[in-house]
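First up is the structure itself, then whatever we jot down about it.
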2 protein chains.
Amino acid sequence: MNKRQNKITIVDVATEANVSFGTVSRVINNDIHVKPETRERVQQTMERLNYVVNRQAQKLAGGRSNVIGLLVPDLGTGYIGEIIRGIDSELTLSDYDLMLYTTHRTASKEAGYVFSLAQDMVDGILLVLPRNPVDYTGTLAKKKFPFVLIDHQGTGKDCPAVGASNWQGAFNATDYLIQLGHKRIGFITGSLDLGAAIDRLDGYKTAMRTRHIPVESDLIYEGTFAQPDGYTGTIQFLNVEQPPTAIFASNDCMAMGVIDAIRDHGLKIPDDISVIGFDDIPQASLVRPALTTVQQPLEQMGRLATQMLLEILTDTDSKPHRIELPTQLMIRDSTAKPKAVQANREVIP
Amino acid sequence: MNKRQNKITIVDVATEANVSFGTVSRVINNDIHVKPETRERVQQTMERLNYVVNRQAQKLAGGRSNVIGLLVPDLGTGYIGEIIRGIDSELTLSDYDLMLYTTHRTASKEAGYVFSLAQDMVDGILLVLPRNPVDYTGTLAKKKFPFVLIDHQGTGKDCPAVGASNWQGAFNATDYLIQLGHKRIGFITGSLDLGAAIDRLDGYKTAMRTRHIPVESDLIYEGTFAQPDGYTGTIQFLNVEQPPTAIFASNDCMAMGVIDAIRDHGLKIPDDISVIGFDDIPQASLVRPALTTVQQPLEQMGRLATQMLLEILTDTDSKPHRIELPTQLMIRDSTAKPKAVQANREVIP
DNA sequence: TGTTCATATGGAAGCGCTTACATTATTTGA
DNA sequence: TCAAATAATGTAAGCGCTTCCATATGAACA
């Protein structure tokens, strides 16, 4: 059906411009060996004919396709959306297109399959938090295929990656709570098979210990980054003999669950319990009370990762490195001094 | 760098299976003319060799690429995310991959360019709310390229499309407010160059007139679907001699702006002013008070559109049709009877 | 047993491009 | 001025596949 349309090819341009198609190809690829006038003439012809290079053929013939692949685990959360925006805006500047793969789709098939597919389609791959990282990075590295990891606190392996300082972010958030006067701080973890989740837990623990506050196991609830975990974890905390006066959820989604649970128990935020999240997804500032959270520069991460990939793509042998972007505590309305301290304050002065 | 890898081709499979590559191709394409045993043998060989067909070559040689293109205006809102999820989940079932184009990127270049690009890359196109619809649909139709429009109340042209009943949704929401007792209802429109926005405005007006409530121009504010419009519009409404007791924003984003504005004026929702949105994006139920809104079945729209496209792709001559999905009023906490009515109630009984 | 069909397979051409390599035009130096 | 070097262009092969046409293999019939 869509065959033999009025598609114009390199040959048409060549004929029209009175050169061989080889020359046209050279113009397309910015080859040195073209006389300026010829180049000019060919370019004008291309424009006049509305010629657009066929990337399939380009890639097939051994060139680049100017397409980069993006592998994401899921589209559910605003989280990925932010990252994609960064990627997209960076790509805009560079004439690359984007191929989107959701890894959950091919969960059954092995990682290798995805690559075989992607490989002859795209020039490089951006990998967001794969479910089974080693699988992917292993295959990728072995095939020497250009790629950059996003938000993946790696398996020690030094491959190009951009992430955020999860540890520092969690540390700061916890420390902030402690400074407010909180001593009993509940922590809800993410999926602990993810480096980011571990780092956040570590940051929390370290902050507690630094301030000589014991880390109690019944104030740590193991979640999976999903909203219901926040709810369940909170319920559990509330049943502890001496419930926490603050809850730190490993991401904003779970923090929303925390808020719901607290509210359902007739308690007020932040008066009775303070809540902190992680990520700073768009709705964090929209909920009431506005959520205090640790901001991850998601969009910037996407942007940076793209830049890195593009660099690898051009500068064939740029050494792999890992960039860690700073996180930032966004103090909003869901945190306050614990009641006891507030009371004290009122009495003392 | 990534040339001459251990990539295995159709020829490798052929050799290994002791048939010609033509036969292998036939197996791949489910051609009738292959002896069952041969087919079986070839398939096993493919599996053993981890063969994955090269879609570029496939497409280039005149076949399908099993990739469909998705054109979206932007990734900003959760809105698109929801749609993509639907598309993705449907695609999962059908072994197609997804190519993502953001049209804002190529705003400068004409629509035709995008297609020339997409055309030899993908088998069909899903188009979400393009900025300049006619441009796109025109080119598309002319080239007889398979496509489906999503959430685009078209230009009369009957091309395959799936949308939601914007008119009905707006009508119902408005009527609900009226039934609650509201008489002065502010309406904030979307970009009126979009059919969906017009339909919503129409639904509002019709509901008002049906109930014999005059439509007043100073209770209609022309927005663009962006959050700040909600804020600005509300400020304007509040300065009207007799301000509205309810505000209906044409989408949830703007409703968030409305909420902020009301709050900044020291008024309470829904006690002083009721608020209704449109879309039911994820955070609608997360904000406080939870937003009453008109739910668009975004994910389902994505899913349906994909099904339609896939059908067009297989069943070459299925006639184009437009599907309209019902919208649904989600009553939550941002709407209530107006004060006057509440007062009456307390007095009368 | 030899003819016909249908059925199954092999092989060539070509999709639009890149990239050697071959060829021709142009410059430079003596 | 002419050879030698260099710049510019043309050409063929091939990327991995589909598809059409040709050939080979049987089965069915006379």
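Side-chain atoms are counted along with the backbone in the values below, which use heavy atoms only and exclude waters and symmetry mates. Below, chain A is the first sequence line, B the second, and so on; all start at residue 1. Since the model is a prediction, treat every value here as computed from it, not as a measurement.
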In whole Å, what is the span from the [atom1] atom of [X] to the [atom2] atom of [N]?
| X | N | atom1 | atom2 | result |
| --- | --- | --- | --- | --- |
| R41(B) | dT9(C) | CZ | C1' | 11 Å |
| Q56(A) | dG14(D) | CD | P | 22 Å |
| D120(A) | dC17(D) | CG | P | 8 Å |
| I10(B) | dG14(D) | CD1 | P | 18 Å |

At under 4.0 Å between heavy atoms, what does [X] touch on the DNA or RNA strands: base, sugar-phosphate, or nothing?
| X | value |
| --- | --- |
| N29(A) | sugar-phosphate |
| V53(A) | sugar-phosphate |
| V11(B) | nothing |
| S25(A) | base |

Option from N66(A), D123(A), N54(A), D120(A) for which side-chain hydrogen bond (donor to acceptor under 3.5 Å, both in side chains) with K59(A) holds:
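Going through N66(A), D123(A), N54(A), D120(A) one by one, the side-chain hydrogen bond (donor to acceptor under 3.5 Å, both in side chains) with K59(A) is satisfied by D123(A) alone.
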Of P36(B) and L60(B), the one whose closest DNA chain C nucleotide lies more 5':
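Closer to the 5' end of DNA chain C: P36(B).
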Closer to the 5' end of DNA chain D via nearest nucleotide, is it G22(B) or R39(A)?
R39(A)
Measure distances between side-chain N and O atoms of R26(A) and base N and O atoms of dG10(D), and say whether any donor-acceptor pair falls under 3.5 Å.
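Under the 3.5 Å cut-off, the side chain and the base do form a donor-acceptor pair.
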Nearest to side-chain heavy atoms of F21(A), which nucleotide of dA12(C), dA8(D), dT18(C):
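Among dA12(C), dA8(D), dT18(C), the one nearest the side chain of F21(A) is dT18(C).
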Give the nucleotide from the list dC17(D), dT9(C), dT9(D) with an atom nearest to the side chain of S20(B).
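Within the option list, the nearest is dT9(C).
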So do E299(A) and I84(A) actually touch side chain to side chain, heavy atoms under 4.5 Å?
no
